[in-house]
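Since the structure comes first, as structure tokens, the remarks are kept for the end.
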Amino acid sequence: MDNREKILQCAEELFYSRGYDAAGVQEIVEMAGVTKPTLYYYFGSKRGLLEAILEAKSGKLHRSIARETGKAGDVRGKLHALAGVLCRFFLEERKFYMLLMALFYSARENEAYQTVQPYLVEFYCSVRQVFEQAAFELGNMRGRQEQFAISFIGAVHQYLVFAWDKGTLEDKGTEQMEELVNQYLYGIFS
């Protein structure tokens, strides 16, 4: 593993476990076994380091969402595909996923929030697009694609965190995620 990759891994771990603001550059370079000039050479700043993490991991998530929801035909299939992507991504990149959620809830003036905000908007837009494409199927949507997208994201996020905390996500995650989506769909179609 090269120095750049070591720095990225150590920074992600520290940003997740201690928070972006609490993790210092010195702590990151010590954990990675490199010098500050090495970190600055690759990333320019602590914020540049966060941007590199976000770019790599968010890109992977968005490509998966586009690929999987593009395969599904109707809204039911798209939402099941979307929930499946989020569940698998959470299992593969749990610390990053939790870091995203933590940064989303930080103060709007915070450097970390300002850095993550475009990635969160891109994520939200990809979910909203699923509802926009399904508007013709859902007669009761009437311009509420934003509300549907926000409520779906919230339900999935909460499910993933609570199921992980209970220790049930890996063994029953897919089955329970399908039930969650079915329940959500029942609310939409009723």
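Numbers here simply count residues along the sequence, with the first being 1.
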Counterpart residues, salt bridge (Lys or Arg N to Asp or Glu O under 4.0 Å), relative to Glu13 (two or more places apart): Lys95
By salt bridge (Lys or Arg N to Asp or Glu O under 4.0 Å) - contacts of Glu5 (at least two apart): none
Value rounded to 0.5 Å, distance of [atom1] in [X] from [atom2] in [Y]:
X      : Y      : atom1 : atom2 : result
Cys125 : Ile65  : SG    : CD1   : 11.5 Å
Gln158 : Leu180 : CD    : CG    : 11.0 Å
Gln129 : Leu82  : CD    : CG    : 11.0 Å

Residue pairs fulfilling ring pair (Phe, Tyr, Trp, His ring centres under 6.0 Å) with at least one residue in residues 6-34, sequence neighbours excluded: Phe15-Tyr20
Name of the residue among Leu49, Val29, Val25 meeting side-chain contact (heavy atoms from CB on, under 4.5 Å) with Tyr40: Val25
Do [X] and [Y] come close enough that some side-chain heavy atom pair is under 4.5 Å?
X      : Y      : result
Asn182 : Arg76  : yes
Leu61  : Leu86  : yes
Leu91  : Trp164 : yes
Phe43  : Arg4   : yes

Co-membership, hydrophobic cluster, residues Tyr105 and Leu54, 4.5 Å side-chain: yes
Mind checking what makes side chain to side chain contact (heavy atoms under 4.5 Å, CB included) contact with [X], not counting sequence neighbours?
X      : result
Arg67  : Ser64, Lys71
Ala107 : Glu109, Asn110
Lys60  : Arg63, Phe89, Glu92, Glu93
Thr38  : Asn3, Ile7, Val34, Thr35, Tyr42

Residue pairs fulfilling side-chain hydrogen bond (donor to acceptor under 3.5 Å, both in side chains) with at least one residue in residues 45-54, sequence neighbours excluded: Arg47-Thr115
Lys/Arg cation over aromatic Phe104: Arg108, 6.0 Å, 45° cone: yes
Which residues satisfy the side chain to side chain donor-acceptor pair (under 3.5 Å) test with [X], sequence neighbours excluded?
X      : result
Glu27  : Arg18
Gln9   : none
Tyr119 : Glu55

Check against side chain to side chain contact (heavy atoms under 4.5 Å, CB included), Gln145 and Val130: CA-CA 9 Å; Gln145 291 87 333; Val130 170; over 6 Å; no
Residues, nucleotides or ligands: over 12 heavy atoms within 6.0 Å of Tyr124 OH: yes
For residues 96-103, tabulate all N or O donor-acceptor pairs below 3.5 Å that involve a side-chain atom, not counting sequence neighbours.
unit_1 : atom_1 : unit_2 : atom_2 : d
Tyr97  : OH     : His157 : ND1    : 2.8

Whether Phe123 and His62 hold their rings parallel, tilted or perpendicular, with breakpoints at 30° and 60°: tilted
